[in-house]
Asker: 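Pasting a structure below so you can have a look.
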Amino acid sequence: MVVPSTTPAVCQGAAASHGGGIPTVDMSAPGGRGALSRQVARACAEHGFFRAVGHGVPPGPAARLDAATAAFFALAPHDKQRAGPPSPLGYGCRSIGFNGDAGELEYLLLHASPAAVAHRARSIDTDDPSRFSTVVNDYVGAVRQLACEILDLLGEGLGPKDPRSFSKLITDTDSDSLLRINHYPPACTIHKLDHDDQCKMKSIVRTKNGNGLNPSAGARIGFGEHSDPQIISLLRANDVNGLQVLLPNSDGKEVWVQVPADPSAFFVNVGDLLQALTNGKLVSVRHRVIANACRPRLSTIYFAAPPLHARILALPEMITADSPCQYRPFTWAEYKKTMYSLRLSHSRLDLFQVGDDDNSNVGKGEQE
């Protein structure tokens with residue numbers, strides 16, 4: 001955990017903390033770009049997660065997207081269901097994936113390409129599909145630019161030969177990036193998210209600590225424990241709490257840390273692919289959402305991903321004699337197929353680890 005300092009964070013090249021040790025990075029770079037790149041790299045290496053402020057994303061696209069999606073979620077159930085069922089894209093309620101995972105939410109999952117957005121918009125905004133498409137595309141454009149900036153800063157902070165090694169993967173015209181909008185209804189009233197009464201309240205949430213999984217009463221799982229599979233994800237939410245990240249405490253035990261809500265900030269998660277690309281130097285943080293609030297929580301997540309055919313292998317600079325290659329090469333399509341075959345909480349990247357005998361064939365030589 002980062003220990004807050006009494007001296008300005010930029011002077012030390014470290015990110016400031018934001019409630020419970022969550023690091024905060026000022027993207028406006030008051031200490032210069034070199035200090036900023038070191039802050040971003042340190043936050044991603046130590047936490048796999050940080051709060052980005054001073055990010056430069058204008059409020060207009062976010063406000064318009066929030067208004068459009070709030071209007072959609074306010075529709076009658078049968079109207080929303082025209083945009084589903086999720087396959088996995090589209091409108092979904094409670095069901096997360098194909099393997100029995102569920103949460104107290106409804107959502108829209110969209111491919112981030114303009115053509116895919118236009119196709120789905122026909123069932124989301126039947127009065128004026130182009131209106132919804134324009135709102136989504138404006139938002140995606142602004143947030144993708146921020147994601148590229150963060151990845152370039154990571155490239156500068158970690159020192160690969162090409163600092164744009166990471167960002168080039170998500171700017172490819174065939175990028176498989178997604179946009180997810182989650183709506184968590186209030187917990188203090190009874191809600192039916194669909195006419196089949198699928199969305200009943202839960203009374204138990206499972207909590208991880210140093211001894212494993214233990215039940216904790218009085219809470220509802222909004223979105224269960226998981227890591228994000230893509231390269232990086234940028235989350236923005238309203239002023240309702242719920243997001244938690246799994247971090248080590250002072251005793252080295254993993255505990256759930258509440259992330260204080262901040263609708264003006266973006267919360268940045270390292271994804272599984274970025275962990276593999278950096279040979280484990282950056283860690284894909286596990287997180288979840290607890291849906292206990294008496295007001296609705298609305299969150300929007302941009303998942304920055306490479307093309308399906310992109311080959312994922314640790315950059316040569318990340319592999320040394322002391323740090324041999326941890327993961328075998330794979331494509332994003334292969335990883336995505338594996339992800340859809342597993343439960344939400346599964347540690348997917350473990351399935352792609354190499355053993356000691358494999359390192360003679362996987363590593364620097366394969367990058368050449």
Asker: How far apart are the closest heavy atoms of R288 and G224, and which atoms are they?
Answerer: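 Where R288 meets G224 most closely, the heavy atoms are CB-C, 3.9 Å.
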
Asker: Shared ILVMFWY cluster between F352 and I312, side chains joined below 4.5 angstrom?
Answerer: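 Result: yes, single cluster for both.
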
Asker: Which residue is it: L89, I124, V140, L178? I am looking for the one with a side chain to side chain contact (heavy atoms under 4.5 Å, CB included) to L110.
Answerer: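 Result for side chain to side chain contact (heavy atoms under 4.5 Å, CB included) with L110: I124.
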
Asker: I need the single residue from V257, L247, V270, V259 that forms a side chain to side chain contact (heavy atoms under 4.5 Å, CB included) with F49. Which is it?
Answerer: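 Among the candidates, only V259 passes.
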
Asker: Are a donor atom and an acceptor atom from the side chains of E106 and Y91 found within less than 3.5 Å of each other?
Answerer: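 Present: a donor and an acceptor within the cut-off.
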
Asker: Run through L65, N182, I181 and flag the one making a side chain to side chain contact (heavy atoms under 4.5 Å, CB included) with L298.
Answerer: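 With L298 as partner, L65, N182, I181 yield a single side chain to side chain contact (heavy atoms under 4.5 Å, CB included), made by I181.
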
Asker: Measure the acute angle between the ring planes of F73 and H183, then classify it against the limits of 30° and 60° as parallel, tilted or perpendicular.
Answerer: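 Aromatic pair F73/H183 classed parallel.
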
Asker: If you draw a 6.0 Å radius around CD in E334, do more than 12 non-hydrogen atoms from other residues or ligands fall strictly inside?
Answerer: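 Enclosed: over 12 neighbouring heavy atoms sit under 6.0 Å from CD of E334.
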
Asker: Examine the side chains of D322 and T320 and answer whether a donor and an acceptor come within less than 3.5 Å of each other.
Answerer: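 No, no side-chain donor-acceptor contact under 3.5 Å.
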
Asker: Parallel, tilted or perpendicular: which one describes the rings of Y335 and W332, with boundaries at 30° and 60°?
Answerer: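 Taking W332 first and then Y335, their aromatic rings lie parallel (interplane angle under 30°).
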
Asker: Are a donor atom and an acceptor atom from the side chains of D26 and T24 found within less than 3.5 Å of each other?
Answerer: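 There is no such pair (donor and acceptor under 3.5 Å, judged by atom type) between the side chains of D26 and T24.
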
Asker: Determine whether the side chains of S123 and R82 contain a donor N or O and an acceptor N or O closer than 3.5 Å.
Answerer: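 No pair is found: no donor N or O on one side chain lies under 3.5 Å from an acceptor on the other.
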
Asker: Under a 4.0 Å N-O cut-off, is there an ion pair linking R343 with E225?
Answerer: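 No, R343 and E225 are not salt-bridged.
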
Asker: Which pair of heavy atoms, one from A29 and one from L36, lies closest together, and at what distance?
Answerer: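 Smallest interatomic distance, heavy atoms only, reads CB-CD2, 3.7 Å.
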
Asker: Of R64, R236, R144, which meets side chain to side chain donor-acceptor pair (under 3.5 Å) against Y139?
Answerer: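 Exactly one pass, corresponding to R236.
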
Asker: What verdict does the side-chain contact (heavy atoms from CB on, under 4.5 Å) test give for V135 and F132, after you've listed the backbone C-alpha separation in whole Å, the side-chain angles of each residue and the deciding distance to 0.1 Å?
Answerer: CA-CA 5 Å; V135 167; F132 185 81; 5.6 Å; no

Asker: Within 45° of the axis and under 6.0 Å from the centre of the six-membered ring of Y107, does NZ or CZ of R180 qualify?
Answerer: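 So R180 does make the cation-pi contact.
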
